[in-house]
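By convention in this document, chain letters (A, B, ...) are assigned in the order of the sequence lines, proteins followed by strands, and residues within each chain are numbered from 1.
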Amino acid sequence: MRIAFSLGIVRGALTGLAGTAFGVGLTVLVRFALGRPAWSPAPVFTIAILTGVFAYLIGTGVLAHWARWATGYRGVESKKDTGPSWTRYFNVSTNHKIIGVQYMVAALVFLPFAVALQVLGRLELSKLFGQFLTMSSYESVISDHGIVMLFIVVLPAISGIMNYVVPLMIGARDMAFPHLNAFSFWLVPAGALLTVFSLAAGGFDTGWTVYAPLSSSFQKVGMNLVLLGVVLTGFSSILTAVNVLTTVFTMRAPGMTLFRMPVFVWSSIATTGLSLIFTQFITVAFLLVLFEKQLGMGFFRPESGGQPLLYQYLFWFYSHPAVYVFVLPGLGIISDLIPVFARKPLFGYKAVAVSSPGIAIGGTLVFAHHMFAAGMPAVLRIPFMVTTLLVAVPTGVKVFAWVTTMWLGKLRITVPFLFVLSSIIIFLIGGLTGIPLGIVPTDLYLHDTYFVVGHFHATLFGGFLMPVMAGIYYWFPKVTGRVLSESLGRRQWLAMTLGSAGLIIPLMGLGILGQRRRVADYALSAGFQPMHVITTVAALLVFAGLVILVINIVRSLKTGAVAGNNPWESRTLEWQVSSPPPEENFEEMPNVVGEPYSYGVPGATHAVMSGGGMDKEGT
Amino acid sequence: MRPKLRRQDWRHLLVICPVIAILSFALVFLFLRVNFIPNAGSTEREAIDSLLKLQFAIAGIFLAIVVTVFTYAIIFFRRRAGDKSDAVPISGNMALEVTWTLIPLAVVAVLGTYGAIVLDRIGGHAPAMTPDHSELQVDVIAFRFGWMFEYSGAGVRAFELELPVDRPVLFRIQSMDVVHSFWVQEFGPKQDAVPGLTTELRITPTKTGDFQVQCSQLCGSGHTAMVAPVHVVSDSDFQQWLLKQQKMPPKTTTPPTTTPASTPPPTGTSVPGGSVTLHLTARNISFDQNTITVASGARVTLLFDNQDNGVPHNVAFYTDSSAGKSIFVGQLVTGPGNITYTFTAPPTPGTYFFRCDVHPTTMTGTFIVR
């Protein structure tokens, strides 16, 4: 019991509940005093969420450091590291490795949930078990699938991997702003609960795009929960971006020039650069929807002077770069792992490294290609088509470099590498099917059909999910000191590879045949049912793969083979320290003297541990 | 030090080059020759289809190259058991890297140019062309969850889209509430309906037949049911249809709005003998009953309750399911709201048809006169 109360997460949950109750009471009282109907769920819960989240943050203790600093309190900083070591993961910690694991665990808790939501939707569409969802609940389920996936799984997962790996890869002791780092993480559980509980609060039938005025006019409280939840995780994403960028630019080990950094670090710069600049647009768009819905301000409703397309411009101004935020870290993992398992230098390392910022910069100029059919000025169609097509070039550079690196290699077919191999082909399919969507006439046909859904899932399976699985199998030994089971890993790989193929290709087929996306039902005579049955089985396979992963992690934590410092014989810095790494990463100062991927080059070294303390840190 | 490639390292190319050639040819043939996109019904769709096939063919070549190299590498470049050494350290090749940057650049330049030409041909590039007086103008009004079509030249308003074949049509698209999207799969391009804006779409139907307008932008719980029938007919049939519509009583006097209709609640006035009072409820885009039975010649009082928030419905009785000849067409009411319809049942017993004109494919029933 005492241990339970010592955990930040438990204290946060309790104070969060109390804060929510306080907010409910306060709002009801104020409304009563103003002579309005005292009980009205949407305004009451909106205020209660704000007070609840604030109370939760206080309860977790993540604000304590700043409170002490502001008040000049000079007592004990914190009673860190009392209790068993596992409690650190449920408490506020400023260590980047703890925070990285916290993010990953959060993502892995909500990933099966979000997949399960879509399995529900797939089962409904397969028509195998009758119609068990109403049209409204179908739309809510798939909308929440999208929101939870992107904002509660993808963003935290990439924050988690960057947190754990980037400081180790560049030879830093921690992130630049450890307290800010902890704060970024503790925003996520609050956002996660809000987006999950929105289903219980009436849901929202807007899709993950939350287009106004649909979102501001016809929705229940569930919409408010999602809007606030995404604002919280968006804020977390911005703060993480500040942290990662500062860390990479100021805390690299001596000799770690930009062109000696692993490609994952390059893609982290590109990703966080995009998050830093563009996440504000979606938080603004969602806040404006909330204001319009709750306060009647006219932003998007024409009858109150608003402009519906304004929402779409704001939304896609973030959400297109966001796609690159989602996939660039995954592409970085692919680029990073192929040399390790092919035992060859990364082919054209500099071009691959620079292609990440290249994709990021190109990706900022293409957002209006989501709006070819939306009613924006028609003269903008061709310029945005051209910029969209140009992004194909740096993306192609990556894919060609990957397969050329494998050429004449000595491939070690391990589980992480299997996931990398699947990623390459799935991402390639996602990239190639982006061409018809980028070219206006074909997009006008394919837009808002299942083809888009198939394309998007191909890019995210190939650019996020499968590479992250590769990353989990690759870095798990570093994080825990134990290797994940190879046989379970191969089964998971098989289930998820078959699952992604069985999902993506029929979805694209449905789109070409002309099925609209986001429909809860279709006529049997349309001939869509067989493909929906295939995607249902495929979705179940993906879910089964995730179950295998969870089993593997739980089992291997206790009984996995002891990893040693460098089980994959990798050259990057994180593998040159013990597994798990020391509290401050490097007992001896690394001195970087060469490139990270010089496999097979006689006498080449990436870094030498120079001895001497870490206090000489900096470049 | 540049690593030395041995002569046998080049032999692999002798295998993969033919494989790439054969696979590319197969995919290009497949995508260009097999008609995998169904039911083209307009000049715009035909242009889009041939463009899509070309894009797939070119994508097929890239797919063939990468998949062949990839698969070959996995099969032939595995580590031999017990080999702990690293591979030959080739770290790059400037000529190759420049090639695989420039070739995709050239390919997307060609694809983009061709796409722009097709876009111009289907009239999707510049909106205000010179007014074409031969084209038929149809005003499309989208609302949660249905479609209304106005032929302003002929003074006709309908809930189904009737079009003459081979004549250019200009759709002027508006929305009454949220963003919708006007799409007929057989016609090809789609165009969003944006509240506060009028958007345009030009289509020339080339095939007669029955199609469907589908809303393709999620607009809420009834999105799935937001469809309307499309009939592409010969020009003479179209003119006849227009004449018939002009003679029919207007289906609605008030355009649907998102504010609840203020209809007086049904009153308990006594009805003369041979009369019947019935209840019908519309909820979740469906009627709560699929048969209505009355005596022949009876005076029918129908209390219609529309519980779909923001959605207009009506009840309309026709002689048969083609809805060609009406018995009684009720006024639209936007939910939540109710309305009382009174009309006289046909004198001849028989099986007739009723439906909601806004949702003619999803909300239908049998009207039995005894």
Side-chain angles (χ1 to χ4, degrees), chain A residues 134-136 139 205 207 211 213-214 218 302 308-309 342-345 347-348 351 373-375 378-379 381-382 385-386 389 392-393 396-397 399-400 403 406-413 424 428 432 435-436 439-442 444-445 447-448 512-514 516 518-521 598-601, chain B residues 9 36-38 47-48 51-52 55 59 62-63 66 69-70 73-74 77-79 83 86-89 91-92 97 100-101 104-105 108 111-112 115-116 118-119 122 124-127 178-179 181 185 188-192 194-197 199 214 216-224 284 310:
Chain A
T134 66
M135 286 197 208
S136 176
E139 304 293 359
D205 51 17
Y211 269 18
L214 174 63
F218 293 94
L309 288 186
R343 312 310 297 170
K344 255 185 82 204
F347 194 92
V379 289
R381 284 171 160 177
I382 287 176
M385 171 174 78
V386 172
L389 289 172
V393 176
V397 166
V399 176
F400 295 133
V403 290
M406 289 163 60
W407 192 253
L408 292 178
K410 294 189 173 179
L411 306 185
R412 300 180 176 176
I413 312 283
I424 295 173
L428 174 70
L432 290 174
I435 296 172
I439 294 176
V440 187
T442 38
L444 293 179
Y445 176 77
H447 181 62
D448 271 327
I512 291 172
L513 293 180
R516 303 173 282 163
R518 294 169 176 155
V519 289
D521 201 1
S598 306
Y599 295 96
V601 180
Chain B
D9 292 339
F36 56 97
I37 321 165
I48 288 173
L51 183 62
L52 189 62
Q55 292 166 2
F62 281 94
L63 190 71
V66 176
V69 176
F70 174 90
I74 293 177
F77 298 131
R78 286 191 191 217
R79 177 177 69 145
D83 183 357
D86 288 345
V88 50
S91 59
E97 289 170 47
W100 73 39
T101 310
L105 192 64
V108 296
L111 278 177
V118 172
L119 182 67
I122 67 173
H125 175 47
V178 302
V179 180
S181 192
Q185 191 244 341
K190 48 179 77 75
Q191 176 60 58
D192 284 6
V194 184
L197 279 183
T199 51
Q214 322 180 43
S216 61
Q217 183 66 263
L218 180 57
C219 54
S221 54
H223 171 61
T224 308
N284 292 333

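The choice from A:Ile413, A:Val386, A:Leu408, A:Thr134 that makes the most heavy-atom pairs within less than 4.5 Å of chain B is A:Leu408. In terms of heavy-atom pairs under 4.5 angstrom with chain A, the leader among B:Val194, B:Leu51, B:Leu197, B:Leu218 is B:Leu218. When the candidates A:Val397, A:Ile424, A:Ile435 are compared by the number of heavy-atom contacts under 4.5 Å with chain B, A:Val397 comes out ahead. Residue with the most contacts toward chain B among A:Leu389, A:Asp521, A:Val403, A:Thr442: A:Thr442 (heavy-atom pairs, distance under 4.5 Å). The greatest number of non-hydrogen atom pairs below 4.5 Å with chain B, out of A:Pro308, A:Ser136, A:Gly375, is found for A:Pro308. Of the listed residues (B:Pro104, B:Pro195, B:Ala47, B:Ala73), the one with the most heavy-atom contacts under 4.5 Å to chain A is B:Pro195.
With a 4.5 angstrom heavy-atom cutoff, A:Ala392 touches chain B only via side-chain atoms. The contact between B:Gln191 and chain A is made by backbone and side chain atoms together, counting heavy-atom distances below 4.5 Å. Interface residue A:Ile512: backbone and side-chain heavy atoms are both found under 4.5 Å from chain B. Contact of B:Glu97 with chain A is made through the side chain alone, with heavy-atom distances under 4.5 Å. When heavy atoms are compared at a cutoff of 4.5 Å, A:Leu513 approaches chain B by way of both its backbone and its side chain. Heavy atoms of B:Ser216 lying under 4.5 Å from chain A belong to its backbone as well as its side chain. Looking at B:Ser221, both its backbone and its side chain come within 4.5 Å of chain A, counting heavy atoms on both sides. Residue A:Pro302 touches chain B through its side chain alone, counting heavy-atom pairs closer than 4.5 Å.
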ask   = Can A:Tyr211 and B:Val178 be said to form a side chain to side chain contact (heavy atoms under 4.5 Å, CB included), step by step?
value = CA-CA 9 Å; A:Tyr211 269 18; B:Val178 302; over 6 Å; no

ask   = A:Phe347 and A:Met406: side chain to side chain contact (heavy atoms under 4.5 Å, CB included), yes or no, with the steps?
value = CA-CA 9 Å; A:Phe347 194 92; A:Met406 289 163 60; over 6 Å; no

inquiry  = Working note: B:Phe62 + A:Val399, criterion side chain to side chain contact (heavy atoms under 4.5 Å, CB included); need CA distance, chi angles, decisive distance, verdict.
reply    = CA-CA 11 Å; B:Phe62 281 94; A:Val399 176; over 6 Å; no

inquiry  = The test is side chain to side chain contact (heavy atoms under 4.5 Å, CB included); show your working for B:Thr101 and A:Val393 and say whether it passes.
reply    = CA-CA 6 Å; B:Thr101 310; A:Val393 176; 3.6 Å; yes

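Under the side chain to side chain contact (heavy atoms under 4.5 Å, CB included) criterion, A:Ala374 pairs with A:Leu309, A:Gln312, A:Met371, B:Asp192, not counting sequence neighbours. Evaluation of the side chain to side chain contact (heavy atoms under 4.5 Å, CB included) rule for B:Asp83 yields A:Lys410, B:Arg79, B:Arg80, B:Ser85 as partners, not counting sequence neighbours.
Between A:Pro441 and B:Ile48, the closest heavy-atom pair is O-CD1, 3.4 Å.
Between the side chain of B:Lys190 and the backbone N or O of A:Tyr445 there is at least one donor-acceptor pair closer than 3.5 Å.
Residues B:His223 and A:Val519 meet the side-chain proximity criterion, which asks for heavy atoms closer than 4.5 Å.
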